[in-house]
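Since the structure is predicted, the reported quantities are computational estimates derived from the model, not experimental observations. Proteins get letters first, then strands, A, B, ... in listed order; numbering begins at 1 in each.
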2 protein chains.
Amino acid sequence: MAQHREQMAASKSSASSSLKLGPVKIPRAAEVLANQLREEIVGGRLSDGDMLPNERELTESSGLSRSSVRDALRMLELEGLIATKQGRNGGSRVCKPGRDTIVKTVSLFISSRRTRRVSLVEARGAIEPTAAMLAAKHRTDEDLARIQEKHSAMVAGIDDLDRFLRGNLDWHMAIVHASHNDLLIAFMESISHAVYDVTNDETLNPPEVRQQVVRIHGRITDAIEKQDPAEAKRLMERHVTAYAEFLGMS
Amino acid sequence: MAQHREQMAASKSSASSSLKLGPVKIPRAAEVLANQLREEIVGGRLSDGDMLPNERELTESSGLSRSSVRDALRMLELEGLIATKQGRNGGSRVCKPGRDTIVKTVSLFISSRRTRRVSLVEARGAIEPTAAMLAAKHRTDEDLARIQEKHSAMVAGIDDLDRFLRGNLDWHMAIVHASHNDLLIAFMESISHAVYDVTNDETLNPPEVRQQVVRIHGRITDAIEKQDPAEAKRLMERHVTAYAEFLGMS
DNA sequence: ACGGATTAAAGGTCTAATATTTAGTTGACT
DNA sequence: AGTCAACTAAATATTAGACCTTTAATCCGT
């Protein structure tokens with residue numbers, strides 16, 4: 001049964017007019033099924049929390065083998081669209097993809113392309129000023145508390161490179177989170193680790209630079225506290241470009 | 001054979017000190033293999049263009065079944081780390097993940113979370129001014145030609161909403177490409193389609209707005225031609241925030 | 001030297017059995 | 001009645017092996 005994929009050699013009646021057709025993409029069985037299911041999900045006919053039919057049912061209704069059905073489910077799982085649980089009452093439950101899906105993808109992109117330090121810093125320079133502005137606009141009191149807490153931690157750890165850099169990272173991420181923009185958060189989470197790795201070096205963080213960093217962080221924190229978007233943005237912009245230039249020289 | 005996953009009930013000698021251990025993640029066979037192979041790839045022991053052993057060989061050397069081996073390969077394929085070809089001399093070839101991998105992931109994220117229009121516009125507002133600045137800094141002559149070409153197309157199509165919006169999209173993407181920053185390009189490609197969809201509406205693009213848009217696009221194009229990064233950035237910033245405010249009112 | 005048939009090597013698919021995990025159910029012992 | 005252990009059932013996870021399809025190389029006749 002199941003002789004799928006009949007490509008059908010399109011009889012010789014070739015009206016040889018200038019039809020140009022690109023390379024024909026031949027989908028695999030599992031892909032076809034995955035596409036259908038994905039369509040159901042993003043199309044809204046299956047919503048967050050709903051259960052998919054179990055594998056045997058899908059096998060029957062699709063006419064494919066269980067392996068192909070499973071392949072399809074694995075694809076959706078890797079895309080973060082379903083979560084599959086083993087055992088009685090297990091199965092595949094629809095869920096919304098989280099930021100971690102993006103983070104994984106972008107991290108792979110960065111590490112396997114050996115993205116240059118300058119590119120990372122440029123990307124950060126794009127995201128952070130806007131994030132700071134939005135944070136000043138939309139922060140809650142908890143957001144502010146978190147930012148201040150991370151700032152204090154960094155000040156306290158100024159003599160310990162590890163603690164300093166960790167605090168630095170946390171402070172920046174706290175601000176981005178306070179922007180309440182999921183896309184910016186996801187993008188920043190994606191690159192922050194790489195930025196951290198790439199600046200994790202004593203020579204890139206001499207004491208006088210750390211002093212400088214702490215001082216401007218303090219001013220940015222204040223701007224966010226006072227809910228002054230323009231000032232937060234301006235300062236953050238200066239901060240990241242200053243550090244970028246410092247890196248550019250070394 | 002192969003009785004993996006013995007969790008081993010940790011004898012009763014529970015030193016009940018306050019050790020807290022999170023939920024134990026039990027990996028699947030395919031995941032373990034995928035992790036190993038991924039490590040080989042990003043670790044550099046397998047580089048771009050190399051062939052992986054074929055499925056039967058991997059089955060032997062890993063001690064897993066062919067299905068599990070194939071599952072692992074599928075994961076890597078979905079991550080964009082390998083490309084698999086059928087047929088004699090086929091197999092799995094290592095490749096660097098492209099921007100399309102990021103685009104797919106982020107697009108799913110956006111559409112399945114029904115990301116709000118304002119968030120999209122905010123994210124764009126973060127990326128584009130920096131991209132314009134970098135474009136002014138690093139553009140080649142071909143980059144410039146492309147930007148000008150897209151601008152002309154947009155001017156020519158100003159009375160046709162479809163052509164106008166398409167030209168708009170193309171012009172913006174041309175600039176981002178001219179930044180020569182793969183991360184920014186990937187991020188922008190990821191959201192541009194969604195931004196396009198969300199602004200594809202006659203009422204959001206009345207004639208007087210189009211005129212305004214064309215005029216400022218022209219000035220930005222000129223700034224990039226003259227390689228004036230600060231000006232390009234300033235204008236682009238004004239452009240996107242102006243449009244954001246216009247959207248905010250409607 | 002060309003072009004069609006053959007063949008070999010790879011991935012793609014199907015089937016069916018077995019293993020493992022998990023949640024509910026039952027039942028004996030408090 | 002309550003509780004914990006053993007059992008059972010329902011689902012996914014894994015294995016095994018056969019067969020199908022695609023693709024490139026090779027052979028061979030013209």
Residue whose closest nucleotide on DNA chain C lies nearer the 5' end, Thr59(A) versus Gly91(B): Gly91(B)
Separation of dT14(D) P from Glu55(A) CD (nearest whole Å): 11 Å
Sugar-phosphate, base or nothing in reach of Ser68(B), heavy atoms under 4.0 Å: sugar-phosphate
Value in whole Å for how far the P atom of dT15(D) lies from CZ of Arg70(A): 11 Å
Nucleotide dA16(D), atom C1' - distance to CD of Glu60(B) in whole Å: 14 Å
Table of protein N/O atoms under 3.5 Å from nucleotides 23-26 of chain D N/O atoms:
residue: dT23(D); atom: O2; partner: Arg88(B); partner atom: N; Å: 3.0

Difference in axis direction between the ends of the helix from dA1(C)-dT30(D) to dT30(C)-dA1(D), five pairs, 10°: 0°
Using residues 70-79 of chain A as the side-chain source, report each donor-acceptor pair under 3.5 Å to any protein atom, sequence neighbours left out, with the distance given to one decimal.
residue: Arg70(A); atom: NH1; partner: Glu55(A); partner atom: OE2; Å: 2.8
residue: Asp71(A); atom: OD2; partner: Arg74(B); partner atom: NH1; Å: 2.6
residue: Arg74(A); atom: NH1; partner: Asp71(B); partner atom: OD2; Å: 2.5
residue: Glu77(A); atom: OE1; partner: Arg28(B); partner atom: NH1; Å: 3.3
residue: Glu77(A); atom: OE1; partner: Arg28(B); partner atom: NH2; Å: 3.1
residue: Glu77(A); atom: OE2; partner: Arg28(B); partner atom: NH2; Å: 3.4
residue: Glu79(A); atom: OE1; partner: Arg38(A); partner atom: NE; Å: 2.8
residue: Glu79(A); atom: OE1; partner: Arg38(A); partner atom: NH2; Å: 3.4
residue: Glu79(A); atom: OE2; partner: Arg38(A); partner atom: NH2; Å: 2.9

Greater than 12 external heavy atoms within 6.0 Å of Arg45(B)'s CZ: yes
Any donor-acceptor pair under 3.5 Å from Ser47(B) side chain to Gly44(B) backbone: no
By side-chain hydrogen bond (donor to acceptor under 3.5 Å, both in side chains) - contacts of Ser61(B) (at least two apart): none
Pair up each side-chain donor or acceptor in residues 92-99 of chain B with any protein partner under 3.5 Å, not counting sequence neighbours, and list the distances.
residue: Ser92(B); atom: OG; partner: Thr84(B); partner atom: OG1; Å: 3.1
residue: Arg93(B); atom: NH1; partner: Gly49(B); partner atom: O; Å: 2.9
residue: Arg99(B); atom: NE; partner: Glu189(B); partner atom: OE1; Å: 3.4

Closest-nucleotide 5' rank along DNA chain D - winner of Arg56(B) and Ser67(B): Ser67(B)
Whole-Å distance separating the CZ atom of Arg93(A) from the P atom of dA23(C): 11 Å
Short side-chain to backbone donor-acceptor contact, His177(A) and Met173(A), under 3.5 Å: yes
Non-neighbouring partners of Glu122(A) that pass salt bridge (Lys or Arg N to Asp or Glu O under 4.0 Å), sequence neighbours left out: none
